[in-house]
Amino acid sequence: MTTRLTQIIPLFDPRASRRIVPIRDEESVAIAQALHWPGVLLEAGRNDVVEVDDLALAHHYLGVNADEAPISMEVREPAGTRHVTLAPGEGWFVPSGESFSLRVRCARPHAYVRVSIDPLYFERLVSSREHSATPIALRRAYGIGGPQVRHLLAALAAEAGAGTPTGLAFVDTLATALALQIVQQAGVAEHHAEPARGGLAPVVRRRVLELM
């Protein structure tokens, strides 16, 4: 029997009473959650949100269609309403602090994975310098996916569902890889990985020392 869990991804706004319209359906449940991962929240289950009105989150947000069928949404943008279809395995990304409004068309409970990442933690994961003064600019993006993203999210969801048996170092590694994929697919400027020069990169060396 599936246990209903309280949503931990902050899809709410305490300033108003009607920011989210849920599906009133017993199939809408969260089945896997990560409550104690530093800088990252993960939630997987069946969707219970059909409409979001003018919501801004403090963290970067990635929502992925984990269902077997496509999901169609109407997204409100400055130029008007945009129709978006997310194929199975595809997701959409919203940077922290950027408000968004959407409505799911032909709403029904469907499988999802949601991830939110603290912006400071995100910068630590993707920065190639010890002290990066300029944050990486990110944009809203639809259709984020690919085999790398799917495998990373599946591994994170499995780790969350099992209670993090492999440890936070494993989660940190997966989160780093996911953050780099987000930069590639939702970065404002084209991101180039630095060529290997031998030895450990400064950010990797620092992380190893922290874990030790």
Side-chain angles (χ1 to χ4, degrees), residues 7-13 30 32-44 52 55-66 75 86 89-100 102 112-160 164 166-194 200-211:
Q7 287 187 354
I8 59 173
I9 302 298
L11 288 180
F12 67 90
D13 189 331
Q33 293 178 325
L35 298 171
H36 61 286
W37 294 354
V40 180
L41 293 175
L42 179 139
E43 183 177 281
V52 178
L55 179 67
L57 303 179
H59 290 182
H60 300 320
Y61 171 80
L62 175 66
V64 176
N65 175 16
V75 182
L86 299 178
E90 288 186 340
W92 61 291
F93 174 80
V94 182
S96 64
E98 182 176 321
S99 64
F100 61 92
L102 64 85
Y112 70 85
V113 178
R114 298 177 185 140
V115 180
S116 72
I117 306 178
D118 178 88
L120 295 178
Y121 177 69
F122 186 92
E123 289 296 323
R124 183 176 73 83
L125 295 178
V126 302
S127 176
S128 60
R129 292 170 290 173
E130 286 288 335
H131 301 285
S132 179
T134 305
I136 293 177
L138 301 169
R139 59 180 173 82
R140 188 184 309 190
Y142 303 97
I144 286 183
Q148 296 95 330
V149 172
R150 290 196 296 271
H151 288 310
L152 290 168
L153 288 174
L156 284 168
E159 191 72 6
T164 318
T166 318
L168 292 179
F170 180 65
V171 173
D172 196 59
T173 301
L174 293 175
T176 300
L178 180 61
L180 290 172
Q181 283 293 316
I182 290 173
V183 170
Q184 285 190 345
Q185 301 189 43
V188 172
E190 187 175 355
H191 180 70
H192 298 281
E194 292 189 352
L200 296 175
V203 66
V204 177
R205 186 188 311 112
R206 186 184 69 239
R207 195 164 303 141
V208 170
L209 292 175
E210 289 174 352
L211 294 173

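Small disclaimer: the values here were computed from a predicted structure and weren't measured. Atoms considered below: every heavy atom in the structure, side chains included; atoms not considered: hydrogens, waters and symmetry mates.
For Tyr142, there are no ring pair (Phe, Tyr, Trp, His ring centres under 6.0 Å) partners two or more places apart in sequence or in a different chain. Scanning for side-chain contact (heavy atoms from CB on, under 4.5 Å) contacts around Thr166 gives Glu159, Phe170, with sequence neighbours left out. Qualifying side-chain contact (heavy atoms from CB on, under 4.5 Å) partners for Ala186, counting only residues two or more places apart in sequence or in other chains: Phe93, Ala141, Ile144, Ile182. Remark: Gln148 pairs with Gln181 by the side-chain contact (heavy atoms from CB on, under 4.5 Å) rule, at least two apart or across chains.
Between the side chain of Gln185 and the main chain of Gly145, a donor-acceptor pair closer than 3.5 Å is present. The main-chain N or O of Ser96 is found under 3.5 Å from a side-chain atom of His60 such that the two form a donor-acceptor pair.
Side-chain contact check for Leu153 versus Val115: some heavy-atom pair is nearer than 4.5 Å. Between Val188 and Arg139 the shortest side-chain heavy-atom distance falls below 4.5 Å. Put simply, the side chain of Val75 does not reach to within 4.5 Å of the side chain of Trp92, judged on heavy atoms.
Taken to the nearest 0.5 Å, the CG atom of Leu174 stands 11.5 Å off from the CG atom of Leu168. Here the CZ-CG distance, from Arg114 to Leu42, works out to 11.0 Å after rounding to the nearest 0.5 Å. Rounding to the nearest 0.5 Å places CD1 of Ile117 at 11.0 Å from CH2 of Trp37. Within the model, atoms OG1 of Thr173 and CG of Leu178 stand 12.5 Å from one another, a figure rounded to the nearest 0.5 Å. Taking CG of Leu180 as the start and CZ of Phe122 as the end, the distance is 7.5 Å to the nearest 0.5 Å.
Residue pairs meeting the salt bridge (Lys or Arg N to Asp or Glu O under 4.0 Å) criterion with at least one partner in residues 140-151, sequence neighbours excluded, are Glu98-Arg140.
The nearest pair of heavy atoms linking Leu86 to Gly91 is CD2-O, 3.7 Å. Residues Gly39 and Tyr121 come closest through the heavy atom pair O-CD2, 3.7 Å. In terms of heavy-atom proximity, Leu138 sits nearest to Gly187 at CD2-CA, 4.1 Å.
Asp172 and Arg124 are joined by a salt bridge, as a carboxylate oxygen and a charged side-chain nitrogen come within less than 4.0 angstrom of each other.
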